[in-house]
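Nothing fancy with the numbering, it's 1 onward along the sequence.
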Amino acid sequence: MPLNRRTFLGTTAAAGAGAAIAGGVAAPAEAHEHGHGHGRAPKRYSFSVMGTTDLHGNVFNWDYFTDKEFDDKAHNDVGLAKISTLVEQVRKEKGRPNTLMIDAGDTIQGTQLSYYYAKVDPITAKHGPVHPMAQAMNAIGYHAAALGNHEFNYGIPVLRKFEEQCRFPLLGANALDAKTLKPAFPPYVIKRLRTPHGRDVRVAILGLTNPGIAIWDKANVSGKMVFPGLEEQAAKFVPKLRSMGADVVVVAAHSGSSGTSSYGDQLPYIENAAALVAQQVPGIDAILVGHAHTEIPEYRVANKQTGKEVVLSEPLKWGQRLTVFDFDLVWEKGRWTVEKAGAKVLNSNTAAEDPKIVRLLSDEHRKVVAYVNQVIGTSKAAMSTAEAAWKDEPIIDLINAVQVDTVKAALAGGAYAALPVLSQTPSRWTP
């Protein structure tokens, strides 16, 4: 069953009473025993949090534009099918009950596979299909995913249907209802990991998305949702999570770590604020970074108030990497404390595609391959863009004509139907 907003309200209330949302409770991890004063060994427990980001609709290592597998000389294979194999390797090494799996957003847009199930055979249709990304992530066993800005590209109804199909919560502590200013999605989830020592470890996962959604998807969110800064909302929720008994706080942030913004001063909130969150908000142990499409195996940022180091990691994009955060905890003064935390990334090009995922979505893949290989028109003349940067080329005129016809059709019958439609195609067009 998917975890919807109503489920979240019930489970978080229980969490506040000391019965937080249960994770996979099973066999405990091996305890590490060392001397600890008075001849008594301290209680210890280790676990791992795996993370992906910016999957952008990539299930298979397949380029739908060229109709063949990606053959990247930099060994950057893509897709959740390969990630699934890496995840199972980590679970086998650590023990499945001692692992969690999360994502930092931008999941349902980016490939022809994701486009097909948003526009051609939409998941929002009556008796519509289950989104391939929901199917794959459910099968892999994700525990939570932050919202990315591209989650809003196809409109809120598509996003809500995707949310309904996921068996894990989509988190967005700074995606607020425009009228009530309350979170429009679950802000966080708390998972419990059983230890050999009686007291479970409570791991809070806080999701933060990108304020730039207010600009980039204005047509879809204006008047419906607002997106304050990551630091502001983290400062509200992290103390709450600690007061609810969270032993470890992990943030999934769809926001880069550079502290910069592509939109200048159009918004008062920083676009790439993950490192700022680590610096400014005490109580965070690790941040899974997204949005910037960069590879950061491990980046440590000292919190200005406490001096404590926060571990950041970003696993590139498209399922090319899997982040693995490792936490070593010790029982001190009646509570679990993070004694050591680190991060690394695993390269998916070292893994074969998981047959389980391949079997699960082979039909959807074949449908999309057939769709993108349809003939939509023919030309007896070669139409190249090779010299389009400095002279007129027929292909540019064709692109302009298609864009004009498409926009006119969209405006027909509406308030702006009488407006002239102009189309300008960049001279350096890349097919």
Side-chain angles (χ1 to χ4, degrees), residues 52-58 103-115 117-119 122-124 131 133 145-163 170-179 181 183-185 187 207-234 251-277 288-294 314 316-318 403 406-407 410-411 416 422-426 430:
T52 52
T53 192
D54 295 274
L55 294 169
H56 285 289
N58 285 281
D103 183 80
D106 275 7
T107 302
I108 60 171
Q109 176 277 342
T111 63
Q112 286 67 36
L113 182 70
S114 54
Y115 173 85
Y117 288 97
K119 293 291 189 180
I123 61 174
T124 49
H131 199 288
M133 295 302 287
L147 294 167
N149 52 282
H150 283 288
E151 259 66 84
F152 295 85
N153 286 174
Y154 296 123
I156 292 175
V158 170
L159 175 54
R160 287 299 190 192
K161 188 63 178 181
F162 176 70
E163 178 188 27
L170 302 183
L171 307 178
N174 62 326
L176 310 182
D177 181 276
K179 294 181 180 179
L181 298 183
F185 294 84
L208 297 169
T209 192
N210 206 288
I213 296 166
I215 297 174
W216 303 320
D217 266 301
K218 183 177 181 180
N220 290 327
V221 302
S222 182
K224 300 173 184 176
M225 293 184 192
V226 294
F227 303 88
L230 284 81
E231 311 101 293
E232 291 83 354
Q233 289 301 100
V251 176
H254 192 76
S255 180
S257 60
S258 65
T260 61
S261 296
S262 64
Y263 43 71
D265 60 357
Q266 294 180 72
L267 291 175
Y269 309 114
I270 301 296
E271 177 182 354
N272 296 301
L276 296 175
V277 172
L288 177 66
V289 179
H291 185 62
H293 290 204
T294 58
E314 183 174 4
L316 201 54
K317 65 184 188 302
W318 302 356
Q403 290 180 162
T406 301
V407 174
L411 296 177
Y416 304 105
L422 306 177
S423 174
Q424 183 179 18
T425 304
T430 302

**Request:** Kindly state whether the ring of Phe152 and the ring of Phe227 have centres lying under 6.0 angstrom apart.
**Result:** yes
**Asked** Will you find, in the side chains of His291 and Glu271, an N or O donor that is under 3.5 Å from an N or O acceptor?
**Response** yes
**Asked** Is there a donor-acceptor pair under 3.5 Å between the side chain of Tyr263 and the backbone N or O of Ile215?
**Response** no
**Request:** Ignoring hydrogens and angles, tell me if any N or O in the side chain of Thr124 forms a donor-acceptor pair with the backbone of Val158 under 3.5 Å.
**Result:** no
**Request:** Look at the side chain of Asp106 and the backbone N and O of Leu55, then say whether any donor-acceptor pair between them is shorter than 3.5 Å.
**Result:** no
**Asked** Within the side chain of Asn272, is there an N or O that forms a donor-acceptor pair under 3.5 Å with the backbone of Ser257?
**Response** no
**Request:** Look at the side chain of Thr294 and the backbone N and O of Leu316, then say whether any donor-acceptor pair between them is shorter than 3.5 Å.
**Result:** no
**Complete:** Taken in chain and number order and not counting sequence neighbours, the residues that satisfy ring pair (Phe, Tyr, Trp, His ring centres under 6.0 Å) with Phe162 are His131
**Asked** Is there a donor-acceptor contact under 3.5 Å from the side chain of Thr111 to the main chain of Ser114?
**Response** yes
**Item:** side-chain hydrogen bond (donor to acceptor under 3.5 Å, both in side chains) between Thr52 and Asp103, intermediate numbers included
**Value:** CA-CA 5 Å; Thr52 52; Asp103 183 80; 2.6 Å; yes
**Check: His150 ring centre within less than 6.0 Å of His254 ring centre** = no
**Prompt:** Ignoring hydrogens and geometry, is there a side-chain-to-backbone donor-acceptor pair from Ser222 to Ala219 under 3.5 Å?
**Reply:** no
**Main-chain N/O of Tyr154 paired to Gln109 side chain as donor or acceptor, under 3.5 Å** = no
**Asked** Donor-acceptor pair, Gln233 side chain versus Leu208 backbone, under 3.5 Å?
**Response** no
**Message:** Regarding Asp217 and Asn153, do their side chains bring together a donor and an acceptor under 3.5 Å, going by distance alone?
**Reply:** yes
**Prompt:** Short question: side chain of Glu151, backbone of Gly148 - any donor-acceptor pair under 3.5 Å?
**Reply:** yes
